[in-house]
There are 2 protein chains.
Amino acid sequence: MVKEIITEEQQKAARYAKAMGHPIRMYVLELLSKQSCCYSGDLTEDLPIVKSTLSQHLKELKDAGLIQGEIEAPRIKYCLNRENWKEAQDLFRKFLKMDSEMPEQKCQ
Amino acid sequence: MVKEIITEEQQKAARYAKAMGHPIRMYVLELLSKQSCCYSGDLTEDLPIVKSTLSQHLKELKDAGLIQGEIEAPRIKYCLNRENWKEAQDLFRKFLKMDSEMPEQKCQ
DNA sequence: ACCTTTGTTCGTAATTTCACGAACTACGAA
DNA sequence: TTCGTAGTTCGTGAAATTACGAACAAAGGT
């Protein structure tokens, strides 16, 4: 689906971006970046989706490595996966910084 | 598909993230953030996809507002859409900065 | 043991994404 | 005007995404 000219970093950044590519997931990430943790139940109360759909979104974030769940019976406590969150931050920062202020560069 | 608790900014950020959510598109964006413009033909030579597929990816980036094409017959010159690129940068910067260094915050 | 709460998994359906090749369009050059 | 180059659009599948409700699993409280 890709090739060697596409770097490992681009692959990773795309993976994270994809996980961030939905308003619900963006909302969850932003919440978790502000308040350290949350429970699925609290989210379903605020969000316009049923719990099973939310569960899928959380799974996507989990699969992408951006969040992690910790059992705290009978609930599950969700937090950011700090390690990967940092990696995503670094990747995006690098990516975003990339062109900050460029006059007129070569065109091809 | 969403609701009011999800902010306009989150919607926008998610839209940009979605467009960035594929290695090919990430590659193109990174290239354009480095070299100001490129042509589709140059890309197809390097990338492992045929031109019609590339055209679709470019269209997605265009629809998301991240790039723009300018006719330069017989080719089309692609550049970043500076205005929206800046908006995306700001949105992500804001988002990424959000938790930079937090000790231990309230959990719900 | 049984019930309640919490969240996941399953089944389903509609939509979107991704990729390809073929056909088409636009435009400059011969 | 005909030809070649550059890129888009169309048609087609396969796969992934999004969403829902129903059923299920886990664990604490009664």
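So that the names make sense, note that chain A is the first sequence line, chain B the second, and so on, each numbered from 1.
Contact annotation: Tyr78(A) reaches the phosphate of dT8(C) (side-chain N/O to OP1 or OP2, under 4.0 Å). Side-chain N/O atoms of Arg75(A) include none lying less than 4.0 angstrom from OP1 or OP2 on dA26(D).
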Distance-only check: which donor-acceptor pairs under 3.5 Å involve side-chain atoms of residues 48-55 of chain A, not counting sequence neighbours?
none

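In this structure, Arg25(B) places its CZ atom 9 Å from P of dA19(C), rounding to the nearest Å. The separation between Ile6(A) atom CD1 and dC18(C) atom P is 12 Å, rounded to whole Å. The interatomic distance linking Asp63(A) (CG) with dT18(D) (P) rounds to 13 Å, in whole Å. Nucleotide dA19(C) holds its C1' atom 17 Å from the CG atom of Leu43(B), rounded to whole Å. Taking atom CG of Asp42(A) as the reference point, atom C1' of dT6(C) lies 11 Å away to the nearest angstrom. Between the CD1 atom of Ile76(B) and the P atom of dT25(C) there is a distance of 16 Å, rounded to whole Å. At whole-Å resolution of the value, OH in Tyr27(A) and C1' in dT18(D) are 19 Å apart. Summarising the geometry, the separation between NE2 on His22(B) and C1' on dT16(C) is reported as 13 Å, rounded to the nearest angstrom.
Shown for residues 51-60 of chain A: residues whose heavy atoms fall under 4.0 angstrom of DNA chain D, namely Ser52(A), Thr53(A), Gln56(A), His57(A), Glu60(A).
With sequence neighbours excluded, the residues satisfying salt bridge (charged side-chain N to carboxylate O under 4.0 Å, His left out) with Lys86(A) are Asp90(A). For Lys59(B), the salt bridge (charged side-chain N to carboxylate O under 4.0 Å, His left out) criterion is met by Asp63(B), not counting sequence neighbours.
Here the straight-line distance linking atom CD1 of Ile5(A) with atom CD1 of Ile24(B) works out to 6.5 Å at 0.5 Å rounding. For the atom pair Ile67(B) CD1 and Trp85(B) CH2, the distance stands at 11.0 Å (nearest 0.5 Å). A distance of 9.0 Å separates SG in Cys37(A) from CG in Asp42(A), rounded to the nearest 0.5 Å. The structure places CD of Glu60(B) at 8.5 Å from NE2 of His22(B), a figure rounded to the nearest 0.5 Å. Rounded to the nearest 0.5 angstrom, Phe95(A) CZ and Glu9(A) CD are separated by 11.5 Å.
Closest to the Lys18(A) side chain, of the nucleotides dC20(D), dT17(D), dT8(C), is dT17(D).
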Distances for protein N or O near nucleotides 26-29 of chain C N or O, under 3.5 Å:
none

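Sorted by first and then second residue, the pairs that involve residues 12-23 of chain A and meet salt bridge (Lys or Arg N to Asp or Glu O under 4.0 Å), not counting sequence neighbours, are Lys12(A)-Glu87(A).
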